[in-house]
Number of protein chains: 2
Amino acid sequence: MDNELDTKLHNRDIKPTAMRQLVLEVLTEQTTAISLPELENIFHNADKSTLYRTLKTFEEKKLIHSIDDGSGSMKYALCQEKCDCLPQDLHVHFVCSICQKTFCLNEIPVPTINLPIDFTLESVNMVIKGICSNCN
Amino acid sequence: MDNELDTKLHNRDIKPTAMRQLVLEVLTEQTTAISLPELENIFHNADKSTLYRTLKTFEEKKLIHSIDDGSGSMKYALCQEKCDCLPQDLHVHFVCSICQKTFCLNEIPVPTINLPIDFTLESVNMVIKGICSNCN
DNA sequence: TACTATTTGCAACCGAGTTGCACAAACTTT
DNA sequence: AAAGTTTGTGCAACTCGGTTGCAAATAGTA
């Protein structure tokens, strides 16, 4: 017996505990990225460090990616199915200065940059701040 | 009597107190961006909140800009002479995963992004992580 | 000089993130 | 099934960057 969430977990080599299923379910429902404190509010009876470690595990296994949107708390969002979080997989993020929501602009890959000589690239965090379509 | 630092402060409408002159001097010496904790280490006898407020003032007056490089502490670096910190003034930043230093790539403006319909742009934070020329 | 505004220093606090440790649950091996 | 091992969870405590209130000090002004 293996629903869609369990499959996702299994595909990323994560054992499907109850906690993980619940967290993944919430993450799946979101249209915008979510933070650990927000997750704590949703699961107000769950333990902070368990949620924390759940996110860490998910991130390590590349089920989710983290976005430092400058809000003071890291945001997390589901990766695309075959994402490896390599530079070529990365997309631009957008944070709304009104509603504070953080969007994955999955259709917009991070632009290629010509780094100065002897600088090598590992990853890119590109966050655009502005006003989102809901608030505009 | 008005040295170069005082002129810089004056140009940005900041009263040149002793503390501010010292902090600006340190900022001017840096080739990479610096954080509040680092600044505290340099001025080990100065007060944290004074340094904090000094940076805030500098940033408000656009003498410096802040970079959220994902290290956990905000970094600060001098703005270009006529910078207004508008989107078209922004440049790419680079953080080295070995020496942890954060560089302003002043020659590299942040690329223009075509946002989805009804999204409006205010600012961009683009941080590239990799290995710098010193560590390569 | 007296008054007002600004800056500084101190202390205390907040909140996100993190860790150690003991207990619980799941999985292995016989 | 029992014993042993690995993995996950819950709790408490802590770190650290950032921030604020307030009073003392300093600078600027009438």
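A note on names: the letters A, B, ... follow the listed sequences, proteins ahead of strands, and every chain is numbered from 1. Everything quoted here is computed from the prediction, not taken from an experiment.
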Legend entry - Contact letters for nucleotides 14-24 of chain D, in which S counts primed atoms plus P, OP1 and OP2 and B counts the base, heavy atoms under 4.0 Å: ---SBBBBB--

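- Taking atom CD1 of residue A:Ile14 and atom P of nucleotide D:dT9, one finds them 12 Å apart after rounding to whole Å.
- Using bins of under 30°, 30° to 60° and over 60° for the plane-to-plane angle, the ring pair A:Phe94/B:Phe119 lands in the perpendicular bin.
- Inter-axis angle, ends of the helix from C:dT1-D:dA30 to C:dT30-D:dA1, five pairs per end, rounded to 10 degrees: 20°.
- Side chains of B:Val95 and B:Ile128 form no contact here, defined as non-hydrogen atoms less than 4.5 Å apart.
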Donor-acceptor list for residues 98-107 of chain A side chains, cut-off 3.5 Å, not counting sequence neighbours:
from, atom 1, to, atom 2, distance (Å)
A:Gln100, NE2, A:Ser97, O, 3.4
A:Gln100, NE2, A:Ile98, O, 3.4
A:Thr102, OG1, A:Asp69, OD2, 2.6
A:Thr102, OG1, A:Lys75, NZ, 3.4
A:Asn106, OD1, A:His91, ND1, 3.3

Close N/O contacts between protein and nucleotides 27-30 of chain D (under 3.5 Å):
none

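- One atom, CG of A:Leu55, and another, P of C:dA16, lie 14 Å apart when rounded to the nearest Å.
- In the region residues 21-31 of chain A, proximity to DNA chain C at under 4.0 angstrom, judged on heavy atoms, holds for none of the residues.
- Counted by atom type alone, B:Glu38 and B:Ser35 present one or more donor-acceptor pairs between their side chains at under 3.5 Å.
- Remark: P of D:dT7 and CG of A:Leu9 are 17 Å apart, rounded to the nearest angstrom.
- Applying the side chain to side chain donor-acceptor pair (under 3.5 Å) test to residues at least two apart or on different chains, none of the pairs has a partner in residues 123-135 of chain B.
- Judged by distance alone, the side chains of A:Gln21 and A:Asp6 do bring a donor and an acceptor atom under 3.5 Å apart.
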